[in-house]
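One structure is given here, and the rest of the page talks about it.
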Amino acid sequence: RSTLFPYTTLFRSLAENAEGLIGRDAVALTAVDVHGGRVRLGGEEWSARLSSDLGEVSHLSVGDPVRVADIDGAVAVVVPVGTPAGAQPA
């Protein structure tokens, strides 16, 4: 049995958990733009950035509802609630 087994299991579990956040709703705690911001997601505060391919939407304000479109490392890539489901982050 490999000594890496616990670590590979941990990383796989973290990746699966991150994918489970995609599609979840959150709330902007700070202004959020393509450079960054903070959201409340599942009772926790997360670093976030606005998806860069939304065109006319350049930022979100405090309190705006958002939806997680992707997880990029430890950053939630978000879109405003009401954005069509086909909108994909860049």
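Just so it is clear, the values below take in all heavy atoms, side chains as well, and ignore hydrogens, waters and symmetry mates.
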Quick check: do [X] and [Y] have side-chain heavy atoms less than 4.5 Å from each other?
X     : Y     : result
Arg49 : Val34 : no
Trp46 : Val68 : no
Pro80 : Leu50 : yes
Asp25 : Pro65 : no
Val32 : Val66 : no

Tell me the closest heavy-atom pair linking [X] and [Y], and the distance in Å.
X     : Y     : result
Val78 : Ala48 : CG1-CB, 4.4 Å
Ala76 : Ile71 : CA-CD1, 4.0 Å
Val79 : Ala69 : CG1-CB, 4.1 Å
Val62 : Ala31 : CG2-N, 3.9 Å

Notebook entry, point to check: By side-chain hydrogen bond (donor to acceptor under 3.5 Å, both in side chains), which residues pair with Ser47, not counting sequence neighbours?
Noted result: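 In terms of side-chain hydrogen bond (donor to acceptor under 3.5 Å, both in side chains), with neighbours along the sequence ignored, Ser47 is linked to Arg38.
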
Item checked: Spatial distance of atom CG (Asp33) from atom OG (Ser61) [nearest 0.5 Å] ->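 Going from the CG atom of Asp33 to the OG atom of Ser61 covers 11.0 Å.
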
Next item on the list: Measure the spacing between CG of Asp64 and CG of Leu29 and express it to the nearest 0.5 Å.
Entry: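 Output value for this atom pair is 11.5 Å.
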
Next item on the list: Report yes or no: do Val75 and Leu21 belong to one cluster of Ile/Leu/Val/Met/Phe/Trp/Tyr joined by side chain heavy-atom distances under 4.5 Å?
Entry: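 Hydrophobic grouping puts Val75 apart from Leu21.
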
